[in-house]
Amino acid sequence: MYVGQKVRLKVKGTKKKVKWKSSKKKIATVSKKGTVKAKKKGTAKITAKVAGKKLVCKVKVKKKKVIKKTQKPVVPTKKPIIPGSAKPDNSKKPDDTGNPQTSTKPGESGNPSGSDKPLQTPGTSSTASPTPSTTPSTTPSTTKKPPVTVSPSPGVSAKPTQMATQKPATQKPVTPAPTPFTPVVTKTASFSNGTDGFTSRGDVKVTSAPGGKEGNCLYVTGRTANWHGAGYEAGAEMVAGATYQIEAYVKLASGTGTIKCTYQNAENSYKEIASVTASTEWTKITKTFTVPESFTQFYIYFETPENEDATKTVSFYIDEIVLTQTKASTIVEVDSIKDAYGTTFGMVGTCLNLNQMKDAKTLAYVKKHYNSFTLENEMKPDSVLGNWNKQIIQTTEAKSQTGNYVIPESYKETTIPKLNFSSVDESLKIAKANGLKMRARTLVWHSQTPEWFFKEGYDNSGEYVTTEVMNARMEMYIRSVMNHVYTLDNGAYKDVVYVWDVANEYLNNNADANWSAVYGNRSGDLENNPPYLKKAFEIAYDMLKKFDLIGSVSLMYNDFNTYVGNHPDSVVELINYINKDEPAKICQGIGMQSHLDVDYPSADLFTGTVKKFIDAGFEVQITELDVTINNNDGSYKDEGQTNEQQAEYIGELMKKLIAVQNSSGKKITGLTLWGLYDTVSWRGGAQQGGNSHPLLFDTGLNDAKPSYYSFMEAIKG
């Protein structure tokens, strides 16, 4: 978690009262409802006591990411200064877990892929490395460019021509009246034969009981807190932007007080729909409300106000609930991104977490706009190795799990980490069922790989292992992960993964302490010629060969800052080293993370680097594209920049990228936009200081920005 973030924890499978406690309240507090709030950097344990059992959740709080980006190069009168040619400034940059590292490279701050934040507690929602090339553009003018107005619906306006002798028509055309909306009942609950989908909220009992307004009713009893009540997930009945009316009858078991109806969204925010003063007689609730354009969950529930002691624990009844759509949605449907760009780039994707994939409305949006996705965290070593719940088992036991482990002869240790593929499996199954392809990342990475994976006995307090032991561990891990993906359910998902990021962010980070402790510091030949990365690609290529996937699945090196200074040359040298003296090209190319800003890099600088990689014979994938405003220094600052300026930049960038693609024989084999919409992006609403609005949609799945329209206009030529 990051400082200021809130996450609601729940104990599944029990209706007993849960008592919550934090071991360090200065680091993280927990409410009576299980809402954890991150206060400051550190580690705390959240304990849940229920039915005589104690459950513990370890919470690691980190400071929010602060991205320090390369300064724009200063252009002298004769020869430009190349970023990176000067002595490194050792500026701090966060790695993907949010921990600062000292960077000897200018430019982006790593792969902060909102993707690259730590895994959240199961059942909660989670949300996602900027960078500049060889020849910098001239210093941007300090004069702001005038905003560019982009029309959401570009049209043609023309006056009809007439013969000189013809008189203009005097009769005005008749505009047909819009078809009136017919109200639609989307949910009824009379509780005659059960609870009609309503379930308990909190430690309460919810039953169908006699004595209702008509027949039986819903009886809510056993309440010990105001928020305890009954609720229903109505997301399937809701249309974003539409207006609804809710009707219901309520009464208290005793006394008088307030009963209110509220809805909760996927981000655990709450909004009251209606409230009434209730008694022991039936009282009707009637209220009209509009569904937010960006909702992905709509949980309607009945409770009592927090500040009203009279109804804090009293039982209550609900009956004759009717939910009716009274007005059509106000949302204007936009065109599909993948339909527009798929022919040119093939794979058009976004980044997702498993919770988003499991949400029906989010998944429908993703299927409309994308044919590819990258998991934010669920395939990273931290997750698969179970860093938050480490389990070490006997190697003999692992050898019996042929679907989970491939243990090479070089692996001589008697113990081995238990690999956790549950999230990977769910993601593969959802992807297959919905026709989506996956970018699998990542197998070898300095960040989000547990320190204990490099230590003797898989113990943080142990000594670092030898190169030979680490080689065996790396081979075990790569072979096991790839084998699991390709053999799950007898190979049912073999065609889902179309590319693997075998290695991530080697060049543009300082020498990592763990990898360096085992393989040596990054100096001399190790700077661009690391033997362990070459070995990683050899292992991955051998696995593709085993499953007859050579030519249909690519193996990539992925990095940020690929267009800064001499970085393009370093990328070319590294990939050529990996492929040197191999029987085939075992690294097909480069994944460019591409976290950009309207101030830097220029469209020419970026696309010039793409062309350089294509000319070197590489396949290129744009793996994490977003473009910020008011973010010139790598973190939010109000520079007065607008969405229209972002739209202008994105339009120019995409036109030039499309031109490179068309002239190169389509060597760019993937285009991934990094996130669904601004407020859930790591560079958007989630960042410290303010929203840098990096994506094509703003506050929700249907909230298209000017940049969306300029992005879509670019592909039209």
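The analysis underlying the following values was restricted to heavy atoms, covering all of them including side chains, and did not include hydrogens, waters or symmetry mates.
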Identify, with sequence neighbours excluded, every residue that meets ring pair (Phe, Tyr, Trp, His ring centres under 6.0 Å) alongside [X].
X: H693; value: none
X: F302; value: none
X: Y636; value: none
X: F711; value: Y341

*Hey, can you tell me if F298 and F289 have their rings parallel, tilted or perpendicular (30° and 60° cut-offs)?*
parallel
*Under the side chain to side chain contact (heavy atoms under 4.5 Å, CB included) criterion, do E303 and K260 qualify, and how do the steps go?*
CA-CA 6 Å; E303 60 175 350; K260 65 176 183 176; 3.0 Å; yes
[atom1]/[X] to [atom2]/[Y] distance, rounded to the nearest 0.5 angstrom?
X: N216; Y: T207; atom1: CG; atom2: OG1; result: 9.0 Å
X: R683; Y: E624; atom1: CZ; atom2: CD; result: 10.5 Å
X: K432; Y: Y493; atom1: NZ; atom2: OH; result: 8.5 Å
X: E713; Y: S710; atom1: CD; atom2: OG; result: 9.0 Å
X: L673; Y: L696; atom1: CG; atom2: CG; result: 5.5 Å
X: T304; Y: N226; atom1: OG1; atom2: CG; result: 4.5 Å

*Worked verdict on T326 versus Q245 for side chain to side chain donor-acceptor pair (under 3.5 Å)*: CA-CA 7 Å; T326 58; Q245 176 181 277; over 6 Å; no
Flag the pair [X] / [Y] as yes when at least one side-chain heavy-atom distance between them is below 4.5 Å, and no otherwise.
X: L676; Y: L352; value: yes
X: Y219; Y: S315; value: yes
X: N353; Y: N377; value: no
X: T262; Y: Y299; value: no
X: S372; Y: V348; value: no
X: V185; Y: V322; value: yes
X: M357; Y: S427; value: yes
X: T29; Y: K25; value: yes

_F697 ring center near Y708 ring center (under 6.0 Å)_ = yes
*If you measure only the distance, is there a donor-acceptor pair under 3.5 Å linking the side chains of N631 and Q641?*
no
*Pair T628-S692, side-chain donor/acceptor within less than 3.5 Å*: no
*Evaluate side chain to side chain contact (heavy atoms under 4.5 Å, CB included) for I285 paired with V250, printing each intermediate quantity in order.*
CA-CA 7 Å; I285 291 177; V250 296; 4.1 Å; yes
*Could you tell me whether E306 and K312 make a salt bridge, using a distance below 4.0 angstrom between a side-chain N and a carboxylate O?*
no
_K368/E333 ion pair, N-O < 4.0 Å_ = yes
*Taking atom NZ of K327 as the centre, report whether more than 12 heavy atoms of other residues, nucleotides or ligands fall under 6.0 Å from it.*
no
_Would you say that more than 12 heavy atoms from the other residues, nucleotides or ligands in this model lie under 6.0 Å from the CG of D638, or not?_
yes
_Residue list, side-chain contact (heavy atoms from CB on, under 4.5 Å) with K213, at least two apart or on another chain_ = Y249, W282, D319, E320
Under 3.5 Å donor-acceptor, [X] side chain and [Y] backbone:
X: H595; Y: D626; result: no
X: S23; Y: K45; result: yes
X: D335; Y: I337; result: no
X: K205; Y: V220; result: no
X: R439; Y: T374; result: no
X: H369; Y: Y365; result: no
X: K361; Y: M238; result: yes
X: E308; Y: A310; result: no
X: S329; Y: V239; result: no
X: T186; Y: L323; result: yes

_S707 and its side-chain contact (heavy atoms from CB on, under 4.5 Å) partner, picked from Q645, E644, Q646_ = Q646
Ignoring hydrogens, what is the shortest heavy-atom contact between [X] and [Y]? Give both atom names and the distance.
X: G229; Y: V206; answer: O-CG2, 4.2 Å
X: T256; Y: T311; answer: O-CG2, 4.1 Å
X: C261; Y: I246; answer: SG-CD1, 3.9 Å
X: S423; Y: E378; answer: CB-CG, 3.6 Å
X: K251; Y: E281; answer: CB-O, 3.4 Å
X: K705; Y: N643; answer: CE-OD1, 3.7 Å

*Mind checking salt bridge (Lys or Arg N to Asp or Glu O under 4.0 Å) for K187 and listing every partner two or more places apart, or none if nothing turns up?*
none
*Determine, step by step, whether K637 and N630 satisfy the side chain to side chain donor-acceptor pair (under 3.5 Å) criterion, reporting the C-alpha distance in whole Å, the side-chain angles of both residues, the deciding distance to 0.1 Å, and the verdict.*
CA-CA 5 Å; K637 180 182 179 182; N630 301 312; over 6 Å; no
*Verdict with supporting geometry, T195 and L218, side chain to side chain contact (heavy atoms under 4.5 Å, CB included)*: CA-CA 6 Å; T195 63; L218 191 71; 3.8 Å; yes
*asked:* Applying side chain to side chain contact (heavy atoms under 4.5 Å, CB included) to V291 and Y244, what does each step give before you reach the verdict?
replied: CA-CA 8 Å; V291 177; Y244 289 79; 3.5 Å; yes
*Out of F198, Y301, F191, Y263, which residue meets the ring-ring contact (aromatic ring centres under 6.0 Å, His included) rule with Y232?*
F198
